[in-house]
Amino acid sequence: MYKAVEESIRKALRHHIRERYKTDVPVVTERPPRLSMGEVASPVCFELAKRLKKPPRALAQEIANGIKPIPGVARIEVAGGGYLNSFFDRAAFFRGACEQAGAKPMAAPPDAPKVVVEHTSINPNKAAHIGHLRNAVLGDTFARLLRHTGRRVEVQNYIDNTGVQVADVVLGFLHLEPKTPGEIRALAAEPKFDYLCWDLYTRVTQWLAGDPTRLTLRAQVLKDIEEDHGSAAMMAEVVSTAIVRCHLVTLDRLGISFDLLLRESEILRLKFWDTAFALLKQHGAIQLVSSGKNVGCWVMQLPQEAVKPAGAEEAAEEEPSELAEAKIIVRSNGTVTYVGKDIAYHLWKFGLLGRDFHYRPFHTHLDGREAWTTASEPPAESAGTPPSFGRAHEVYNVIDARQAYPQQVVAAGLRALGHAREADRLKHFSYNVVALTPRCAAELGYDIPPEDAKKAHIEVSGRKGQGVKADDLIDRLEASARQEVTERHPELAGTFEGHRTADAISKGALRYFLLRYTRSTVIAFDFEDALSFEGETGPYVQYAVVRVNGILRKGAEKDPAFEQAESANQARLERGEIDVAKYLASPGGDDIWELALLAGSLGGRVDVAVSAQEPAFLARYAFELAQAFNIFYHKHHILSETDAERRTFLLRLTALVRQQLVAALGLLGISAPEKM
RNA sequence: GCGCCCGUAGCUCAGCUGGAUAGAGCGUCUGGCUACGAACCAGAAGGCCGGGAGUUCGAAUCUCUCCGGGCGCGCCA
């Protein structure tokens, strides 16, 4: 509702200025610092003053006097050196906000341009850790935001089941813990197989470091896996599939789901790379190197300006043979690099490869969504008809900031093949890593060099087996939430509702914790912060909803007459028979108005969060609204309000706040329990 | 060396398409549960927005420069 009024103010100002002063100035608007200055302010007269060589304040006065009434705006005032401050029609805003909150968000038509969001993409060789969760939660939340704004969204999870990391675990099962594929299959069916592989992977890393000649063993295993040959390939299939299932179970605990798990093995087996390779050669996008250190490789020469802004020419002249920005796509032994496979994948994502996978259903998420996976053979008829995957109009890749360079290479590859528009629609949804505070690292028993102990955060090595495992963290959160719930509601201990409540709280705490930081911030993880249920946290927001639940429940329980009279009054309110303006009027109604205004701002905040690709903005909004409600709650007692019409109004406002809080939490992937 | 990100209250972070008195959470101190749930609220203390220069009517925000930190520049992914 806020954005609608704001937009009509902008439009009216633009129109009026054009008519009266025959000039077009960009009309910017902002929230004034205090409510007494209105709801929307525009400093447009400062800019206009420059062009017309007139004092800004006089211009502002002229405009305020001359402009036609704007729908939703009660009046316009001049303030400061020349601000135009608009004051909303508060009652109209409140009615509009209630109406909009009740409306269902539009769903995308089936033929709408598709947005593909790729996220999570964890190497399927060990348990998921906290860093993976940041990726998954960011991607999942962003997908929810996109859907909410009416876009058709497909969520993909890339499974690198033929890479070095899987090869390392296979190496472990071949040489450190010798197992047959059958034995591995049995192990993989046990719980916590991902934990077992976590430890094995660490040992393999040490084992490889102990004797560099063992790297040739790894190279052989990797080749076998890539070529789908021998027992190593079978083991890789068993291990990676089992680990993917572990990951999905972990992610289901946080309400994260996928439409498609796209496996690298199918890119290889269906020869997608061969098609992409031919295209790249045909367009001259890659060259075979005939001399120098990269001899025998196929490389992509990045346009300088794509990577470097300017001023790099001298360096290139000094060493013309260096070709520093050449990226190897095919190794001299003929195998393709990760970036090469990624180019093939992205050609397919945009529907530019002219090929498609086979598909089979793989996993039913807790929310009922079916995740499909790729297959190299057509599945049996009984598998059902897969949805149409790929053919994206726009792609968001949720990938950490360290991989910015390979992402640029993929875009450059598309561009070199003549797909400049698709390259522009390929967005790297970049975020920074999750590190540990030195205290947390010490708590986990890692050796911290003294020079690191002073740092704000330290990155830990997954290869060394360091890091906070996702399931461990969720377990701790659940235990802690269960304890809190049991303390407050002993009757819920051990019940299904008690379990579900603790589940919602722990999920809310963790998802909010990972979402409250903007993407570029390195999260310094600490159990104390992550386990907190107070202050700027998910449970704080959930608690506000629970409070509303309590009020509405108590109101109904109070006495039968109350509910009857109340619902009659609510109907009168809907029909506009109750004058709400006087409850919102300044100055007495200012604090209530502030809450109503914020409650009516959800849509605008979602739009900003989507265009900035910043889910943290919505997390902040949810917190602000919860906080505003808590302040209101302490100031105004609702159920004991003696003026029946005013009570009806306060109850409607409370219900509106609940609708918006539930909606905002839902977009963050968090649910609010009835009690907590 | 080149490129990207960051430096704001004791701590962790918002604010950065320039705009009015720079905000929040945590922590500290002081208050508030016999009225709808205290996972809450009220109040206090706490800031040369890393330093310097520039652009501007106006800079935490834009430009340059320096200082301090993180990351990337692999025939790994």
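Protein chains get the first letters and strands the later ones, always in sequence-line order, with residue 1 at the start of each.
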Heavy atoms under 4.0 Å, any strand shown: does [X] hit a base, just sugar-phosphate, or nothing?
X	result
A/Gly550	sugar-phosphate
A/Ile631	sugar-phosphate
A/Pro26	nothing
A/His428	nothing
A/Val546	base
A/Lys635	nothing
A/Val299	nothing
A/Glu459	sugar-phosphate
A/Tyr540	sugar-phosphate

Atom pairs, protein N/O to nucleotides 19-21 of chain B N/O, distance under 3.5 Å:
residue	atom	partner	partner atom	Å
B/G19	O2'	A/Glu30	OE2	2.7
B/G19	O2'	A/Tyr83	OH	2.6
B/A20	N6	A/Asn85	OD1	3.2
B/A20	N1	A/Asn85	ND2	3.4
B/U21	N3	A/Arg34	NH1	3.3
B/U21	O4	A/Arg34	NE	3.3
B/U21	O4	A/Arg34	NH1	3.1
B/U21	O4	A/Arg34	NH2	2.9

Suppose we define a pair by two distances each less than 3.5 Å, Watson-Crick or G-U wobble; what does [N] pair with here?
N	value
B/G23	B/C13
B/C64	B/G52
B/C2	B/G72
B/G43	B/C29
B/G37	none
B/A77	none

Checklist entry - Hey, is the main chain of A/Ile399 close enough, under 3.5 Å, to the side chain of A/His428 for a donor-acceptor pair? => result yes
Checklist entry - So, the side chain of A/Arg134 versus the backbone of A/Asn432: is there a donor-acceptor pair under 3.5 Å, distance only? => result yes
Checklist entry - Of all the nucleotides listed (B/C41, B/G70, B/C75), which has the minimum atom distance to the side chain of A/Gln627? => result B/C41
Next on the checklist: By nearest atom, which of the nucleotides B/G37, B/A77, B/A39 is closest to the A/Thr337 side chain?
Outcome noted: B/A77
Item to check | Nearest-nucleotide 5' precedence on RNA chain B, A/Phe533 against A/Thr335 | outcome: A/Phe533
Checklist outcome for this item: Assign each of A/Val336 and A/Glu484 the nucleotide of RNA chain B bearing its closest heavy atom; nearer the 5' end lies the nucleotide of A/Glu484
Rounded to the Å, how far apart are [X] [atom1] and [N] [atom2]?
X	N	atom1	atom2	answer
A/Asn630	B/G32	CG	C1'	15 Å
A/Glu226	B/A77	CD	P	8 Å
A/Tyr338	B/C76	OH	P	14 Å
A/Tyr543	B/C41	OH	P	10 Å
A/Ile328	B/A77	CD1	P	11 Å
A/His489	B/A38	NE2	C1'	13 Å
A/Gln407	B/C4	CD	P	17 Å
A/Lys126	B/A77	NZ	P	14 Å

Does a nitrogen or oxygen in the side chain of [X] sit under 4.0 Å from OP1 or OP2 of [N]?
X	N	answer
A/Tyr405	B/G74	no
A/Arg547	B/A38	yes
A/Lys50	B/C57	no

Is there a donor-acceptor contact under 3.5 Å linking the side chains of [X] and [Y]?
X	Y	answer
A/Tyr512	A/Gln542	no
A/Tyr543	A/Asn630	no
A/Arg647	A/Asn569	no
A/Asn157	A/His247	no

Next on the checklist: Can you tell me how far apart CZ (A/Arg57) and CG (A/Leu84) are? Round to the nearest 0.5 Å.
Outcome noted: 10.0 Å
Checklist entry - How far does OG of A/Ser86 sit from CG of A/Leu13, to the nearest 0.5 angstrom? => result 6.5 Å
Rounding to an integer number of angstrom, what distance separates [N] and [M] when you compare their [atom1] atoms?
N	M	atom1	value
B/A20	B/G58	P	14 Å
B/G46	B/A22	P	15 Å
B/C41	B/C48	C1'	34 Å
B/C26	B/C64	P	39 Å

Next on the checklist: Give me the atom names and distance for the closest heavy-atom approach of A/Ala672 to A/Val545.
Outcome noted: CB-CG1, 3.6 Å
Item to check | Ring centroids of A/His634 and B/A42 base under 5.5 Å with planes under 30° | outcome: no
Next on the checklist: Within the 4.5 Å heavy-atom criterion, are A/Lys675 and A/Asn549 side-chain neighbours or not?
Outcome noted: no
Checklist entry - Within a strict 4.5 Å, meaning less than it, do heavy atoms of the A/Leu138 and A/Leu514 side chains meet? => result no
All N/O contacts under 3.5 Å from nucleotides 10-16 of chain B to the protein, with atom names and distances to one decimal?
residue	atom	partner	partner atom	Å
B/C13	OP1	A/Val522	O	3.1
B/A14	OP1	A/Thr518	N	3.2
B/A14	OP1	A/Thr518	OG1	2.1
B/A14	OP1	A/Thr521	OG1	2.2
B/A14	O2'	A/Arg620	NE	2.9

Checklist entry - Does atom CD of A/Glu674 have more than 12 heavy-atom neighbours from other groups under 6.0 Å away? => result yes
Item to check | Test salt bridge (Lys or Arg N to Asp or Glu O under 4.0 Å) applied to A/Arg463 and A/Asp168, step by step | outcome: CA-CA 10 Å; A/Arg463 281 207 161 259; A/Asp168 279 353; 3.2 Å; yes
